[in-house]
Amino acid sequence: MPEIHPTSIVSKDAQIADDVIIGPFCIVEGDVRIDSGTKLLSHVVVYDGARIGKNNKIFPGAVIAAIPQDLKFNNEYTEVFIGDNNVIREAVTISRATSATKKTVIGNNCLLMAYVHVAHDCVVGNNCILANSVELAGHVYVEDFVIIGGLTGVHQFTSIGQHSMIGACSKIVKDIPPYTLFSGNPIRYEGLNIIGLRRRGFSAEAINSLKEAYNILYSPFFNTTQAVEKIKTEINPTKEVNNLLDFITNSRRGISK
């Protein structure tokens, strides 16, 4: 049986693994699944539609699967999916989706620091770090291994590419290409995330090809369309360069320049 503190209110309909620990003053509604090894420390609220994976640690004041802050929401059935091995710190809020996608998603091995907000229909990939008071508006897509500095706001429908790092107090209104460093308000390109790429085992060839591609992409002599054509014809088509080109092709808001 799960270990449930007597001050907590947990619906008998919630599906809770036998080794889950629910600390004092938590509320867990009925349409909820919590998998093995997860701990709710105290004062955590988990609303209907939450599906929480294994070995997550959720700190006091967190609110999971509250209805979205969207005036178009009409109480349709939507969900929040949280993967495995995540740390969700104090007062984090993760909203249910709207009918647009029907699910808000947090991947595996993520750290969401205090006061992070993940709005409706967002997708946060694996191995991401969102520092204190990062605010994701609706429909934001954060790829794997992204680090976002504290007090950063991200505009709705924006995408942040894999292995990128955003400096604190930034304002993101257009897509952030993968493997990069950006910061500021207005946000600006600071170069490749070279230290992060080396730590994660990227080869010298991959990093050099990305350097050449980004030198073209952010050259003052080419617009984005011209830069993409030049990258396709002149740069070694490594997996990383192809990922960059695919990201630009699929961009919803245009890339930050």
Side-chain angles (χ1 to χ4, degrees), residues 9-16 26-35 38 40 44-54 56 58 61-84 86 88-89 91-110 112 115-128 130 133-144 146 148 152-162 166 171-176 178 246-256:
I9 301 172
V10 178
S11 171
K12 61 181 177 57
D13 296 323
Q15 300 177 40
I16 302 173
C26 295
I27 297 175
V28 179
E29 293 192 332
D31 184 19
V32 169
R33 296 199 299 266
I34 305 177
D35 212 335
T38 288
L40 280 57
V44 176
V45 181
V46 185
Y47 287 110
D48 288 337
R51 287 72 176 96
I52 302 173
K54 297 177 180 178
N56 295 286
I58 305 178
V63 179
I64 311 298
I67 63 172
Q69 298 175 115
D70 186 326
L71 296 176
K72 300 185 299 298
F73 184 72
N74 193 29
N75 205 35
E76 55 264 36
Y77 181 79
T78 59
E79 298 169 290
V80 166
F81 291 89
I82 297 174
D84 303 333
N86 298 291
I88 298 173
R89 293 302 303 255
V92 168
T93 53
I94 302 173
S95 298
R96 270 172 55 194
T98 67
S99 59
T101 69
K102 299 188 183 301
K103 58 184 180 180
T104 301
V105 179
I106 308 292
N108 304 318
N109 308 305
C110 295
L112 277 57
Y115 297 99
V116 164
H117 175 63
V118 179
H120 59 86
D121 304 285
C122 286
V123 177
V124 176
N126 303 316
N127 303 290
C128 294
L130 277 58
S133 298
V134 167
E135 309 295 322
L136 305 185
H139 304 272
V140 167
Y141 185 66
V142 179
E143 295 185 350
D144 296 344
V146 167
I148 305 179
T152 293
V154 185
H155 194 284
Q156 61 187 1
F157 292 99
T158 300
S159 296
I160 302 177
Q162 60 187 281
I166 312 299
K171 177 183 178 182
I172 301 174
V173 297
K174 289 193 172 183
D175 295 348
I176 301 295
D246 289 342
F247 185 91
I248 295 171
T249 298
N250 296 322
S251 173
R252 293 176 292 180
R253 291 185 54 80
I255 63 168
S256 297

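Computation of the quantities below employed the complete heavy-atom set of this structure, encompassing side-chain atoms and omitting hydrogens, waters and symmetry-equivalent molecules. Not measured: the values here are computed from a predicted model.
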Query raised in the report: Passes side-chain contact (heavy atoms from CB on, under 4.5 Å), V154 versus V142? Steps please.
Result: CA-CA 10 Å; V154 185; V142 179; over 6 Å; no
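- The OG1 atom of T152 sits 12.5 Å away from atom NZ of K171, with the distance rounded to the nearest 0.5 Å.
- The nearest pair of heavy atoms linking F247 to E143 is CD1-OE2, 3.8 Å.
- Interatomic distance, D35 CG to D84 CG, rounded to the nearest 0.5 Å: 7.0 Å.
- In this structure, V173 and H155 approach most closely via the heavy-atom pair CA-CB, 3.7 Å.
- Applying the side chain to side chain donor-acceptor pair (under 3.5 Å) rule to S95 yields no partners; only residues at least two apart in sequence or on another chain are considered.
- Each of I27, V10, V28, I16 was scored for a side chain to side chain contact (heavy atoms under 4.5 Å, CB included) with L40, with one residue passing: V28.
- Here the side chain of T38 pairs a donor or acceptor atom with the backbone of N56 at under 3.5 angstrom.
- By the side chain to side chain donor-acceptor pair (under 3.5 Å) test, Q15 pairs with no residue at all, sequence neighbours left out.
- Taking every heavy atom of both residues into account, Y47 and A65 meet most closely at CB-O, 3.3 Å.
- Here the CD1 atom belonging to I148 is positioned 7.5 Å from the SG atom belonging to C128, to the nearest 0.5 angstrom.
- In this structure, the separation between CD1 on I106 and CG on L130 is 7.5 Å, given to the nearest 0.5 Å.
- Residues that satisfy the side-chain contact (heavy atoms from CB on, under 4.5 Å) test with K103, not counting sequence neighbours, are F81, V105.
- A97 and P68 get closest at one heavy-atom pair: O-CG, 3.6 Å.
- Annotation: side-chain contact (heavy atoms from CB on, under 4.5 Å) contacts of I248 (sequence neighbours excluded): L217, T224, V228, L244, I255.
- Summarising the geometry of Q156 relative to V140, their closest heavy-atom pair is CA-CG2, 4.3 Å, with the distance given to 0.1 Å.
- Sorted by first and then second residue, the salt bridge (Lys or Arg N to Asp or Glu O under 4.0 Å) pairs with a member in residues 63-81 read R51-E79, D70-K72; sequence neighbours excluded.
- Within 6.0 Å of atom CZ in F73, more than 12 heavy atoms from other residues, nucleotides or ligands are found, so the atom counts as buried in its surroundings.
- Contact between A119 and G138 at its shortest, heavy atoms only, is CB-N, 3.6 Å.
- How far CD1 of I166 is from CD1 of I176: 4.5 Å, rounded to the nearest 0.5 Å.
- To the nearest 0.5 Å, the span separating CG on N108 from CG on N86 amounts to 6.5 Å.
- The closest donor-acceptor contact from the side chain of T104 to the backbone of H120 lies at 3.5 Å or more, if one exists at all.
- Contacts of T98 classified as side chain to side chain donor-acceptor pair (under 3.5 Å), with partners at least two apart in sequence or in another chain: D121.
- Side-chain contact check for N127 and D144: no donor-acceptor pair (N or O, by modelled atom type) lies under 3.5 Å.
- By the 30° and 60° cut-offs, the orientation of the rings of H139 relative to F157 is parallel.
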Requested in this report: Tell me, with the steps shown, if I94 and I88 meet side-chain contact (heavy atoms from CB on, under 4.5 Å).
Outcome: CA-CA 10 Å; I94 302 173; I88 298 173; 4.1 Å; yes
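- Under the side chain to side chain contact (heavy atoms under 4.5 Å, CB included) test applied with C26, the options V44, I9, I58 reduce to a single match, V44.
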